[in-house]
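Notes follow the structure.
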There are 2 protein chains.
Amino acid sequence: MTPGTPTLEMVAAAAGVSRATVSRVVNGSPKVSPQVVDAVNRAIVALNYVPNRAARTLASRQAMAIALLVPEDIGRFYADPYFASVVKGITERLEPTDYVLNLLVSSSDPRHKTRRYLAGGSVDGALVVSHHAGDRDLIELSDIVPTVFGGDPTTMLGLRDRFYVDVDNVGGARAATRHLIRLGRRRIGTVTGAMDMHAATHRLAGWRDVMSEAGLDDTAVAHGDFTSYGGADAMRDLLARRPDIDAVFVANDLMARGALITLGAAGRRVPEDVALIGFDDSFAATNVSPGLTTVRQAADTMGWSMADMLLELLAGREPETRTRILPTTLVLRETA
Amino acid sequence: MTPGTPTLEMVAAAAGVSRATVSRVVNGSPKVSPQVVDAVNRAIVALNYVPNRAARTLASRQAMAIALLVPEDIGRFYADPYFASVVKGITERLEPTDYVLNLLVSSSDPRHKTRRYLAGGSVDGALVVSHHAGDRDLIELSDIVPTVFGGDPTTMLGLRDRFYVDVDNVGGARAATRHLIRLGRRRIGTVTGAMDMHAATHRLAGWRDVMSEAGLDDTAVAHGDFTSYGGADAMRDLLARRPDIDAVFVANDLMARGALITLGAAGRRVPEDVALIGFDDSFAATNVSPGLTTVRQAADTMGWSMADMLLELLAGREPETRTRILPTTLVLRETA
DNA sequence: TTGTAAGCGTTATCAA
DNA sequence: TTGATAACGCTTACAA
């Protein structure tokens with residue numbers, strides 16, 4: 001803070017009232033007489049006063065800030081439109097509130113820095129997105145401040161009774177697979193996401209369910225990593241092992257894009273030879289030709305809902321449920 | 001801060017020293033006896049003490065935080081790999097320091113919120129990336145705390161004598177255009193970026209320079225907006241007006257991608273019929289087929305350098321120059 | 001409805 | 001080298 005910055009004290013002096021009164025006006029307390037409110041507000045405007053955040057935080061024990069933890073490589077975080085939507089949803093929920101969002105992408109800030117940040121009272125709560133099986137330290141971090149997870153943290157972190165928002169991954173995968181069968185496809189493979197992430201395992205489970213229910217072979221599985229390149233590689237692998245494949249359920253759109261390129265290079269027509277379904281309905285799906293049939297998950301709603309749940313927590317209210325599961329929808333375009 | 005959180009006071013009591021001494025140890029002051037340092041550190045570990053950030057900020061008048069202002073739509077910010085690289089560079093420079101980065105994407109946080117954030121002492125300085133001609137309020141914001149711009153703020157904001165880092169946009173555009181001419185192309189068009197951004201005007205200027213120097217027609221100009229769709233549209237426009245065009249310099253890779261699609265749809269072979277050069281050398285360039293010839297700008301270096309300059313400023317040192325210009329390189333791939 | 005005064009957890013200035 | 005003690009700018013009982 002540059003010297004000369006106006007303080008509560010100075011506003012109080014200018015308005016001819018006490019510091020406490022100015023504080024009340026600033027915080028919208030109802031028990032201040034209209035004339036005083038007016039005088040104070042005039043002084044605030046005249047001095048161009050803005051409350052000092054650190055002082056406020058210290059006195060009120062509230063930072064009015066929320067951290068978004070992304071235990072992911074920064075390039076990955078930016079490359080996947082899915083994250084963009086989640087962040088968008090979060091900021092939309094936060095916008096009308098006084099809370100600000102602080103993004104902590106793990107590769108950028110080392111974990112001990114993150115820990116100090118949370119433990120140092122910089123934020124009142126945290127949102128975790130994209131956690132992996134190995135992220136043991138997230139368990140510790142999520143104990144420091146109230147935390148809401150994006151995606152079930154039970155599967156990969158063994159964290160029970162946590163607050164989380166998830167999409168119906170299993171249901172979405174089931175719907176996609178069922179659609180492929182309905183299309184008459186029988187030799188259906190899948191490209192999974194990074195298997196240390198719950199979304200990957202859940203989507204694989206959904207595919208497998210339907211395949212075995214239908215009495216079809218459920219072993220045409222190739223593992224990707226949720227990136228475009230990973231998807232292309234996995235598709236190549238799958239094609240090598242199962243050249244007669246006639247449909248593929250790919251665990252996200254980015255990988256589906258990669259798969260599309262591989263299929264094209266291999267001379268397979270989509271959807272004539274091989275039908276393809278992705279997951280996310282992100283920009284990656286709409287921005288490709290042929291248009292990708294995919295499972296829509298409302299990533300922005302997910303972000304919104306996570307923030308909403310955390311705000312409940314911070315307000316001292318117990319959310320109705322510790323878990324919110326969002327629906328998915330199959331969006332038919334050209335690839336299946 | 002949850003009640004029960006250990007404070008300096010408690011550490012002092014546990015170590016049998018004064019508060020001041022603990023503070024010295026925490027801040028690595030050299031004039032503390034080794035034994036005392038030891039005792040204090042033991043107490044810190046035992047209590048799991050982490051200094052309270054707000055208290056520190058209040059007392060030291062330093063937030064140890066930097067804001068990254070992005071006056072851009074959030075979707076746009078995430079969609080362009082260029083920003084990812086800039087952020088990466090910034091975080092890399094910040095990583096070994098005690099500073100943390102707070103991202104403020106403008107559509108998410110309304111400006112008055114941003115203003116309060118800066119004026120409230122939440123951060124010690126700011127980095128501005130992707131500013132537009134209309135962003136008058138940035139002028140005000142950049143007066144609140146020490147600020148370093150990414151890109152020359154003179155052109156669009158009329159801000160003189162500011163600190164900024166820029167890439168040699170004119171030089172890059174010149175090199176690209178010269179290369180096209182060297183290739184034997186003569187009817188060379190350009191797709192510009194959003195003309196309210198300095199990078200767009202500078203790149204257009206570079207193209208125009210070379211074209212007129214070579215005595216070629218420099219009127220085949222179509223305006224895009226730096227997005228993939230915008231590039232596709234602009235290319236369509238250009239093609240309609242100048243069907244005989246044999247090369248295009250596109251002001252960024254994302255638009256070049258869009259242009260590539262348009263050209264394909266129009267039955268033009270790239271580079272046989274129309275040669276294409278982009279700008280950025282981002283993921284968007286390498287991740288496309290045919291490989292995009294482009295002008296490489298080191299976006300991560302740009303971020304790194306901006307952060308570096310700001311740190312100088314915050315350390316109270318006057319940077320050697322108020323301006324750092326980074327070089328560009330032409331990267332030859334398949335499209336030209 | 002308003003004011004007084006005691007913190008909030010640090011840093012920083014003096015003395016010792 | 002260490003310790004008191006006064007800020008830092010605000011919130012919040014408690015009085016008035």
Side-chain angles (χ1 to χ4, degrees), chain A residues 1-41 43-44 47-65 98 116-117 119-122 124, chain B residues 1-41 43-44 47-65 98 116-117 119-122 124:
Chain A
M1 201 167 141
T2 337
T5 309
T7 67
L8 251 202
E9 188 87 51
M10 298 166 66
V11 175
V17 297
S18 77
R19 221 161 49 194
T21 300
V22 178
S23 174
R24 290 189 189 103
V25 173
V26 168
N27 294 298
S29 160
K31 26 191 180 182
V32 183
S33 74
Q35 319 116 51
V36 173
V37 170
D38 242 47
V40 171
N41 278 329
I44 288 178
L47 295 178
N48 201 8
Y49 169 74
V50 175
N52 179 285
R53 174 172 271 260
R56 251 187 166 176
T57 300
L58 187 55
S60 70
R61 301 161 148 281
Q62 286 199 73
M64 296 312 285
D98 284 330
R116 285 178 75 83
Y117 196 71
S122 299
D124 302 316
Chain B
M1 206 168 133
T2 338
T5 309
T7 67
L8 252 201
E9 188 87 53
M10 298 166 65
V11 174
V17 298
S18 77
R19 222 159 48 194
T21 300
V22 178
S23 176
R24 290 189 188 101
V25 173
V26 169
N27 293 297
S29 159
K31 27 190 178 180
V32 183
S33 75
Q35 316 117 52
V36 172
V37 171
D38 243 47
V40 171
N41 279 329
I44 288 178
L47 295 178
N48 201 8
Y49 168 74
V50 174
N52 179 286
R53 174 172 270 259
R56 253 188 164 172
T57 299
L58 185 57
S60 69
R61 301 162 147 281
Q62 286 198 72
M64 297 310 285
D98 283 330
R116 286 178 74 83
Y117 196 72
S122 299
D124 302 315

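Each chain gets a letter, A, B and so on, in the order its sequence line appears, and its residues count up from 1. Model, not experiment: these values are computed from the prediction.
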Please give me the minimum heavy-atom distance between [X] and [Y], naming the atom from each residue.
{"X": "A/Ala55", "Y": "B/Leu58", "answer": "CB-CD1, 3.8 Å"}
{"X": "A/Arg24", "Y": "A/Val32", "answer": "CB-CG2, 3.8 Å"}
{"X": "A/Val26", "Y": "A/Tyr49", "answer": "CG2-CE2, 4.1 Å"}

Starting from [atom2] on [N], measure out to [atom1] on [X] and report it in whole angstrom.
{"X": "A/Asp38", "N": "C/dT2", "atom1": "CG", "atom2": "P", "value": "12 Å"}
{"X": "B/Arg53", "N": "D/dC8", "atom1": "CZ", "atom2": "C1'", "value": "16 Å"}
{"X": "B/Leu8", "N": "D/dA4", "atom1": "CG", "atom2": "P", "value": "14 Å"}
{"X": "A/Met64", "N": "D/dG9", "atom1": "CE", "atom2": "P", "value": "21 Å"}
{"X": "A/Glu9", "N": "D/dC10", "atom1": "CD", "atom2": "P", "value": "9 Å"}
{"X": "B/Asn27", "N": "C/dT13", "atom1": "CG", "atom2": "C1'", "value": "15 Å"}

Original post:
Any side-chain N or O of B/Arg56 under 4.0 Å from OP1/OP2 of C/dT11?
Top reply: yes
Subject >> Residue-phosphate contact under 4.0 Å: B/Asn52 side-chain N/O, C/dC8 OP1/OP2 >> reply: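 Looking at the OP1 and OP2 atoms of C/dC8, neither is under 4.0 Å from any side-chain N or O of B/Asn52.
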Original post:
Does some side-chain heavy atom of A/Pro51 sit less than 4.5 Å from a side-chain heavy atom of B/Arg116?
Top reply: yes
Original post:
Quick one: bend of the helix from C/dT1-D/dA16 to C/dA16-D/dT1 from 5 pairs per end, to 10°?
Top reply: 30°
Give every donor-acceptor pair under 3.5 Å between a side-chain atom in residues 9-20 of chain A and any protein atom, sequence neighbours left out.
from    : atom 1 : to      : atom 2 : distance (Å)
A/Glu9  : OE1    : A/Arg19 : NH1    : 3.1
A/Ser18 : OG     : A/Ala20 : N      : 3.4
A/Ser18 : OG     : A/Thr21 : N      : 3.3
A/Ser18 : OG     : A/Thr21 : OG1    : 3.3

Residues which pass side chain to side chain donor-acceptor pair (under 3.5 Å) with [X], listed by chain and number, not counting sequence neighbours:
{"X": "A/Asn27", "value": "A/Ser23, A/Arg56"}
{"X": "A/Thr57", "value": "none"}
{"X": "B/Asp98", "value": "none"}

Original post:
Where the side chain of B/Leu58 is defined as all heavy atoms beyond and including C-beta, which of C/dT10, D/dG9, D/dT12 is the nearest nucleotide?
Top reply: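 Looking only at side-chain atoms, B/Leu58 lies closest to D/dG9.
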Original post:
Among the nucleotides D/dT12, D/dG9, C/dT10, which one has an atom lying closest to any side-chain atom of B/Thr7?
Top reply: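 Out of D/dT12, D/dG9, C/dT10, the nucleotide with an atom closest to B/Thr7's side chain is C/dT10.
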**OP:** Output every pair passing salt bridge (Lys or Arg N to Asp or Glu O under 4.0 Å) with a member in residues 26-38 of chain B, not counting sequence neighbours, ordered by first then second residue.
**Re:**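 Those involving residues 26-38 of chain B are B/Asp38-B/Arg42.
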Please tabulate, one pair per line, each protein N/O and nucleotide N/O from nucleotides 1-3 of chain D that are separated by under 3.5 Å, including the distance.
from  : atom 1 : to      : atom 2 : distance (Å)
D/dT2 : OP1    : B/Ser33 : OG     : 2.9
D/dT2 : OP2    : B/Ser33 : N      : 3.0
D/dG3 : OP2    : B/Ser18 : N      : 2.9
D/dG3 : OP2    : B/Ser18 : OG     : 3.1
D/dG3 : OP2    : B/Thr21 : OG1    : 2.7
D/dG3 : N7     : B/Arg24 : NH1    : 3.4
D/dG3 : N7     : B/Arg24 : NH2    : 3.3
D/dG3 : O6     : B/Arg24 : NH2    : 2.6

